[in-house]
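Report on one structure; see the data block that follows.
Numbering of residues begins at 1 and proceeds along the displayed sequence.
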Amino acid sequence: IPRVVVHAATVLSDDFIGTTIDTTKWTEADPGGIGGTVGNVRQNGALTITGTGAWGVNILSTANTYSRTAGNIALDADVTIANCAASASVPGIGYGDLGVVTGGGQSYTVFYSGGKLYLSRQNANANEESVMTSFTCTNNTPFHVKLVVLQNQGAALYINGSGTAAATVTGGTFTNKKFFLQATVGTTTIDTVVITDTFADAPTSLVAVPSSQQVSLTWSA
């Protein structure tokens, strides 16, 4: 069987040093002001987003779209919630259409609401799938999330470096979408964002020679 080599490549990373949002990496939406020093989306050694009660209003999305067709794509981020009490904070980190909650489309979103952390697949303004994790948030204590958009279908959420998914959703094949960081209610701090993709090298010069009840394969590694 031809050997498959899987590679991982970093396609975006940002530690949010300084006070200016890097517009080569991000697109900001913030009615309170644009740039990183004013408004509800601010940067100063980390990204701080304060929600004003609606999804998709105070949001940072990647300047580029990312395809899942060649392999899994993933976003890693350190997240700190100021107030973990039920309904006090509703941040969201995801991949897909930015206006999904109010304007249709599809997305995968990791969100904290009602004192619980969820992985959800939204479709046309509804949660087609929503899986609650057992994670417990502590005020002002960072935790790590990894959202993996699977190549063929579905997505998985990993928390604090665990090798076991805390939640998975099985549907959705949408691609060429943006990753996004947002807050709907309360204040959330996000730091050390890394987006990676994985891809496999196909074998080259594959030749199949049939014979009686068998076939011989040769290829270049």
Rounded to the nearest 0.5 Å, how far apart are [atom1] of [X] and [atom2] of [Y]?
X	Y	atom1	atom2	value
Leu47	Thr192	CG	OG1	11.0 Å
Ile49	Thr184	CD1	OG1	9.5 Å
Lys116	Thr136	NZ	OG1	6.0 Å
Phe16	Asp191	CZ	CG	7.5 Å
Asn140	Thr189	CG	OG1	8.0 Å
Gln151	Arg68	CD	CZ	9.0 Å

Requested in this report: Could you give me the CA-CA distance, side-chain angles and deciding distance for Ser120 and Asn127, then say whether side chain to side chain donor-acceptor pair (under 3.5 Å) is met?
Outcome: CA-CA 6 Å; Ser120 179; Asn127 288 328; 2.8 Å; yes
Applying disulfide (SG to SG under 2.5 Å), which residue pairs with at least one partner in [range] are found, sequence neighbours left out?
range	answer
residues 28-64	none
residues 145-191	none
residues 154-189	none

Query raised in the report: Ring centres of Tyr118 and Tyr112 under 6.0 Å apart?
Result: no
Same cluster (ILVMFWY, side-chain, under 4.5 Å), [X] and [Y]:
X	Y	result
Ile190	Phe111	no
Leu117	Ile93	yes
Leu12	Leu98	no
Phe174	Leu147	yes
Tyr66	Val145	yes

Requested in this report: Of all the heavy-atom pairs spanning Ala183 and Thr188, show the shortest one and how long it is.
Outcome: CB-OG1, 4.5 Å
Can you give the donor-acceptor pairs under 3.5 Å from side chains of residues 162-173 to other protein atoms, not counting sequence neighbours?
| unit_1 | atom_1 | unit_2 | atom_2 | d |
| --- | --- | --- | --- | --- |
| Ser162 | OG | Thr164 | N | 3.1 |
| Ser162 | OG | Thr164 | O | 3.2 |
| Thr170 | OG1 | Glu129 | OE1 | 3.3 |

Query raised in the report: Can you check whether Gly92's main-chain N or O pairs, donor with acceptor, with Gln182's side chain at less than 3.5 Å?
Result: no
Requested in this report: Measure from the side-chain N and O atoms of Gln106 to the backbone N and O of Asn123, and report whether any donor-acceptor pair falls under 3.5 Å.
Outcome: no
Query raised in the report: Please walk me through it: do Thr187 and Thr50 pass side chain to side chain donor-acceptor pair (under 3.5 Å)?
Result: CA-CA 4 Å; Thr187 299; Thr50 300; 3.1 Å; yes
Query raised in the report: Hey, which of Asn64, Val194, Asp197 is the one that makes side-chain contact (heavy atoms from CB on, under 4.5 Å) with Val11?
Result: Asp197
Report summary line: Going by chain and number, the hydrophobic cluster around Val207 (ILVMFWY, side chain to side chain under 4.5 Å) further includes Val209
Requested in this report: Quick one: name the residues clustered hydrophobically with Val148, using the 4.5 Å side-chain heavy-atom rule over I, L, V, M, F, W, Y, and just say none if it's on its own.
Outcome: Leu150, Tyr158
Taking the side chain as every heavy atom from C-beta outward, state whether [X] and [Y] have any pair of such atoms under 4.5 Å apart.
X	Y	value
Ile195	Ile73	no
Val149	Asn72	no
Ser89	Val185	no
Thr65	Lys177	no
Leu157	Tyr108	no

Residues that [X] engages under side chain to side chain contact (heavy atoms under 4.5 Å, CB included), provided they are two or more places apart:
X	value
Ser67	Thr69, Thr175, Asn176
Ser107	Val100, Thr109, Gln122, Phe180
Ser134	none

Please tabulate, for side-chain N and O atoms in residues 74-87, each donor-acceptor pair with protein atoms closer than 3.5 Å (sequence neighbours left out).
| unit_1 | atom_1 | unit_2 | atom_2 | d |
| --- | --- | --- | --- | --- |
| Asp76 | OD1 | Lys146 | NZ | 2.9 |
| Asp76 | OD2 | His144 | NE2 | 2.7 |
| Asp78 | OD1 | His144 | ND1 | 2.8 |
| Asn83 | OD1 | Ala85 | N | 3.0 |

N/O donor-acceptor pairs under 3.5 Å from side chains in residues 26-41, not counting sequence neighbours:
| unit_1 | atom_1 | unit_2 | atom_2 | d |
| --- | --- | --- | --- | --- |
| Trp26 | NE1 | Asp14 | OD2 | 2.9 |
| Glu28 | OE1 | Gly35 | N | 2.9 |
| Asp30 | OD1 | Gly32 | N | 2.8 |
| Asp30 | OD1 | Asn40 | N | 3.3 |
| Asp30 | OD1 | Asn40 | ND2 | 3.4 |
| Asp30 | OD2 | Asn40 | N | 2.6 |
| Asp30 | OD2 | Val41 | N | 2.8 |
| Asn40 | ND2 | Asn58 | OD1 | 3.1 |

Query - Parallel, tilted or perpendicular: ring planes of Tyr95 versus Phe179, cut at 30 and 60 degrees - result: tilted
Requested in this report: Please state whether the rings of Phe143 and Phe135 are parallel, tilted or perpendicular, taking 30° and 60° as the class boundaries.
Outcome: tilted
Query - ring pair (Phe, Tyr, Trp, His ring centres under 6.0 Å) pairs, two or more places apart, involving residues 27-47 - result: none
